[in-house]
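Data first, discussion second: the structure below is written as structure tokens.
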Amino acid sequence: MYGELLKDWHPYKDRSRQFLDINDIELILFIMKSGYVTIVGKPNVGKSTLMNHLLGDTVSIVTPKPQTTRNRVLGILTEKEYQIVFLGTPGIFKPRTELDKAMASAIELSLRDADIIYYMVDNKEKNIDDKLVRSTNVPLFLLINKIDKIERRGLLPLIESLSTRYKCFKEIIPISALKGDGLEDLLKTTLSYLPEGSFYYPEDYVSNLPERFFVAEIMREKIYLHYGEEIPYSTNVIVEEMKDKYIRVKIIVEKKSQKGIIIGKRGEKIKGVATEARKSIEEFLGRHIYLDVWVKVLKNWRKRKEVIRRFGYFG
Ligand code: GDP
Ligand code: MG
């Protein structure tokens, strides 16, 4: 009797029956993984560069000046079998102004949400301030960035000395966020720690932040690139209106003298910066726009809690 039945199942006799139903197979093969990865580290170690490289898109802005990332930035990497949601954080530093405090609490929030934490240092860092992360029970990876700038020979001793001194790290991974070295290894290791579970966001999401946010970030990036001294740190950018082709942004500064510097003689300076911003925004949005730029003085805005809140920083 069984012989009769089994005959029908012989794999070579009837190929269409050698496997389970196609839907069952998908269930077996694709155990999905998804989770949150928070990236922390001092200003300028390369957090934004890493996010951008992993996501293949300019999600977080990158400039040579520290503390460009004020808010936590969400980037989402979705592949067939996994989804990693990256929380970027402002760099670790001692809070002074209200804006600083808001940034510090953004870091705490991101740490609380994490399934994995990347603690990023650059190749020069010999002492790690592990206070912030020591008490966490989330898997902690130490990423040593900018290895393209050191000799291969120096790398192993560095890893060894860090791993003996700091026991809180589950993994130590050398990378170059800029060149892409070690990123494959980083992703593979991340996946091995990522919890099983279905996706948090639709597959075509790159970020849960609205287009407006990135428009403001691009404008802010241009300000960081084109103005010196305290100007970048004293400005904020608000997107006041965004309708089809028309985008109006307001650059907020702390003092009248800063407004003059931003605008420049006969408006030449701001015109150049705005043109460059428009091009980058068009590239990001994939469409032509008209960019209207205004500059406004809001006295000491960085020290005013209500203003910081209104601007949407955590605090
Ligand atoms: P963040 O403040 O931690 O977000 O740092 P950024 O991502 O903005 O990077 C700060 C600076 O370091 C920028 O000038 C980057 O181009 C540079 N940088 C980042 N990663 C690397 C790297 O792997 N190698 C080198 N040589 N430079 C890097
Ligand atoms: Mg950054």
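Whatever order the structure lists ligands and atoms in, that order sets their numbers, starting from 1. Computed from a prediction, not measured in an experiment: that's the story for all the values here. These values consider heavy atoms only, across backbone and side chains, with no hydrogens, waters or symmetry-generated copies.
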Practice item. Fit a plane to each ring of Y246 and Y290, take the angle between them on a 0 to 90° scale, and name the class: parallel (under 30°), tilted (30 to 60°) or perpendicular (over 60°). Key: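 Aromatic pair Y246/Y290 classed parallel.
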Practice item. Ignoring hydrogens and angles, tell me if any N or O in the side chain of Q83 forms a donor-acceptor pair with the backbone of Y200 under 3.5 Å. Key: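 A pair under 3.5 Å: yes.
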Exercise for review: Output yes when a side-chain donor or acceptor of S34 lies under 3.5 Å from a complementary backbone atom of S198, and no otherwise.
Suggested key: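 Such a contact is found between S34 side chain and S198 backbone.
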Review point. Which of these passes side chain to side chain donor-acceptor pair (under 3.5 Å) with Y193: K170, E171, K33?
Key: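 Answer to the side chain to side chain donor-acceptor pair (under 3.5 Å) test with Y193 among K170, E171, K33: E171.
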Practice item. For atom 15 (C) of ligand 1, state which one of N123, V40, I39, T49 supplies the nearest heavy atom. Key: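 Comparing heavy atoms across N123, V40, I39, T49, the nearest one to atom 15 (C) of ligand 1 lies in T49.
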Point to revise | Selection from G41, G46, G180, A177 by shortest heavy-atom distance to atom 23 (O) of ligand 1 | key: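 Shortest heavy-atom distance from atom 23 (O) of ligand 1: A177.
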Practice item. Just grab all the salt bridge (Lys or Arg N to Asp or Glu O under 4.0 Å) pairs involving residues 178-198, residues at least two apart or on different chains. Key: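 Output for this query lists D148-K179.
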Check your understanding: Taking only residues at least two apart or on different chains, which pairs with a member in residues 285-295 satisfy salt bridge (Lys or Arg N to Asp or Glu O under 4.0 Å)?
Key ->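 Sorted pair list: E211-R287.
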For [X], atoms of ligand 1 separated by under 4.0 Å from a heavy atom:
X	answer
K47	1 (P), 2 (O), 3 (O), 4 (O), 5 (O), 7 (O)
S176	22 (C), 23 (O)
D148	22 (C), 23 (O), 24 (N), 25 (C), 26 (N)

Check your understanding: Are M120 and L55 in one and the same hydrophobic cluster, where Ile, Leu, Val, Met, Phe, Trp and Tyr link if side-chain heavy atoms are under 4.5 Å apart?
Key ->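 Yes, same cluster.
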Using a 3.5 Å cut-off on N or O atoms only, is [X] in polar contact with ligand 1?
X	result
I175	no
K149	no
K179	no
L178	yes

Practice item. Examine the proximity of ligand 1 to N145 and report which part, side chain or backbone, both or neither, has a heavy atom under 4.0 Å away. Key: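 Side chain only; the backbone of N145 stays clear of ligand 1.
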